[in-house]
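Presented below is the structure to which this report refers.
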Amino acid sequence: MSIQTSLKDRPQLTTENLLLRRPNEDDIGAIIDAVGDWEVACRLARVPHPYGEEDARFFLEHVVPSEWTWAITLKGSDQLIGAVGLTPEETADTAELGYWLAKPYWGRGIATAAARAVVSFGLDQLRLPFIKSGYFVENPTSGRVLQKLGFVETARATRACLAMGRDDVPSVEMRLEPSEQL
Ligand SMILES: CC(C)(COP(=O)(O)OP(=O)(O)OC[C@H]1O[C@@H](n2cnc3c(N)ncnc32)[C@H](O)[C@@H]1OP(=O)(O)O)[C@@H](O)C(=O)NCCC(=O)NCCS
């Protein structure tokens with residue numbers, strides 16, 4: 001599947017309890033509520049703070065069409081409770097996994113299940129040779145999510161965090177090989 005085809009015909013993905021679908025205009029309020037929360041924003045690289053309607057529209061109009069991004073919903077409800085996606089790398093034939101959940105939904109295994117579905121799509125359907133990800137050292141919950149999927153640490157580095165206005169946040173770089181998918 002080519003990048004262009006897969007982005008245009010992005011399939012819905014399902015897990016036992018979740019349905020992952022393309023984010024749309026009706027999600028704007030839920031996106032602002034979730035990502036506008038400092039507790040979410042300070043753990044992400046590319047999210048400004050404060051976060052408003054213009055930022056949610058930028059996400060829908062620029063990020064969603066050019067990346068494999070899904071809204072996370074609970075089966076039986078169309079409400080967006082988070083997002084998960086693969087950002088194509090500019091210089092390599094691979095992609096970086098990212099995800100966030102609205103705070104009321106933390107701690108129920110949702111991020112792991114959603115990310116597992118997206119990782120399988122990336123490795124099995126897109127045939128990515130491997131998938132990268134990373135997390136801030138002070139966010140070990142995300143490290144645990146990646147570990148549960150089979151990602152292993154490849155390096156320690158610093159990364160930018162738009163919400164914090166810093167470009168030197170200590171981070172862990174991770175990588176998942178197809179043979180190590182859990
Ligand atoms: C990171 C995030 C997506 C996790 O979502 P979640 O649905 O709560 O994650 P899960 O429940 O699937 O898994 C969390 C795991 O971390 C573990 N955990 C929780 N707090 C932890 C801590 N302080 N240290 C280590 N592990 C921790 C949980 O026990 C669980 O592991 P287990 O299943 O082995 O018990 C969510 O907290 C979030 O949206 N945070 C803000 C945005 C963000 O951090 N995105 C990722 C950026 S790299």
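Just follow the structure's listing: the first ligand is 1, and inside any ligand the first atom is 1.
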key: Under-4.0 Å protein heavy-atom contact, atom 31 (O) of ligand 1   = yes
query = Are the side chain of T15 and the backbone of A114 linked by a donor-acceptor contact shorter than 3.5 Å?
reply = no
request  = Step by step, work out the side-chain contact (heavy atoms from CB on, under 4.5 Å) result for V118 and L20.
outcome  = CA-CA 9 Å; V118 166; L20 310 184; 3.9 Å; yes
ask   = With a 3.5 Å cut-off and no angle check, do the side chains of S133 and Y99 form a donor-acceptor pair?
value = no
key: ring-ring contact (aromatic ring centres under 6.0 Å, His included) assessment of W70 paired with F121   = CA-CA 12 Å; W70 286 267; F121 175 78; 5.3 Å; yes
request  = Considering the heavy atoms of A111, write down every atom of ligand 1 situated less than 4.0 Å from one of them.
outcome  = 3 (C), 4 (C), 5 (O), 6 (P), 7 (O), 9 (O), 12 (O)
key: Exercise: identify the closest heavy-atom pair between F59 and T69   = CZ-CG2, 3.6 Å
remark   = ligand 1 to G109, heavy atom cutoff 4.0 Å, flagged ligand atoms 10 (P), 11 (O), 12 (O)
query = Can you find a protein heavy atom under 4.0 Å from atom 28 (C) of ligand 1?
reply = no
Nearest-neighbour protein heavy atom for atom 8 (O) of ligand 1, which is reported as residue plus atom name and distance = G107 N, 2.6 Å
inquiry  = I'd like to check L146 versus L97 (side-chain heavy atoms, cut-off strictly below 4.5 Å). Are they in contact?
reply    = yes
message = For atom 44 (O) of ligand 1, what is the closest protein heavy atom, and at what distance to 0.1 Å?
response = N139 ND2, 2.7 Å
query = After noting the C-alpha distance and the side-chain angles of R175 and E177, does the key distance pass the salt bridge (Lys or Arg N to Asp or Glu O under 4.0 Å) rule?
reply = CA-CA 7 Å; R175 178 170 162 139; E177 303 286 344; 2.9 Å; yes
key: Polar proximity ligand 1 side, L101 side, N/O cut 3.5 Å exclusive   = yes
ask   = Against heavy atoms of R108, which atoms of ligand 1 measure under 4.0 Å?
value = 11 (O)
request  = Salt-bridge test for D93 and R127: reply yes if a basic N is under 4.0 Å from a carboxylate O, no otherwise.
outcome  = no
ask   = Do any N/O atoms on T141 end up under 3.5 angstrom from N/O atoms on ligand 1?
value = yes
remark   = Short version for R144: what comes under 4.0 Å of ligand 1, heavy atoms counted, is side chain
request  = Note the single closest protein heavy atom to atom 23 (N) of ligand 1, along with its residue, its atom name and the distance in Å.
outcome  = P140 CG, 3.8 Å
query = Considering only heavy atoms of Y99, which atoms of ligand 1 have at least one such atom less than 4.0 Å away?
reply = 3 (C), 43 (C), 45 (N), 46 (C)
query = By number and element, which atoms of ligand 1 are closer than 4.0 Å to a non-hydrogen atom of Y135?
reply = 48 (S)
query = Where the closest heavy atom to atom 9 (O) of ligand 1 is concerned, which of L149, I72, V145, V172 has it?
reply = V145
ask   = Do the charged groups of E89 and K132 touch, with an N to O distance under 4.0 Å?
value = yes
query = Which residue supplies the protein heavy atom nearest to atom 47 (C) of ligand 1, what is that atom called, and how far is it?
reply = R43 O, 3.4 Å
ask   = What atoms of ligand 1 come within less than 4.0 Å of a heavy atom belonging to K148?
value = 12 (O), 13 (O), 15 (C), 30 (C), 31 (O), 32 (P), 33 (O), 34 (O)
inquiry  = Is the shortest side-chain heavy-atom distance between V172 and M174 below 4.5 Å?
reply    = yes
query = Can you check whether V40 has an N/O within less than 3.5 Å of an N/O in ligand 1?
reply = no
inquiry  = Between E16 and K75, does any NZ, NE, NH1 or NH2 come within less than 4.0 Å of an OD or OE carboxylate oxygen?
reply    = no
inquiry  = Using a 4.0 Å cut-off to any heavy atom of W100, which atoms of ligand 1 qualify?
reply    = 39 (O), 42 (C)
task = For the pair T73 (side chain) and Q79 (backbone), establish whether a donor and an acceptor sit closer than 3.5 Å, ignoring hydrogens and angles.
result = no
ask   = At a 4.0 Å threshold, what atoms of ligand 1 neighbour a non-hydrogen atom of T112?
value = 10 (P), 12 (O), 13 (O)
message = Under 4.0 Å from atom 40 (N) of ligand 1, can you find at least one protein heavy atom?
response = yes
request  = Report yes or no: does a heavy atom of G134 sit under 4.0 Å from some atom of ligand 1?
outcome  = yes
request  = Apply salt bridge (Lys or Arg N to Asp or Glu O under 4.0 Å) to the pair E96 and R159, showing each step before the final yes or no.
outcome  = CA-CA 14 Å; E96 174 157 4; R159 281 199 177 202; 2.8 Å; yes
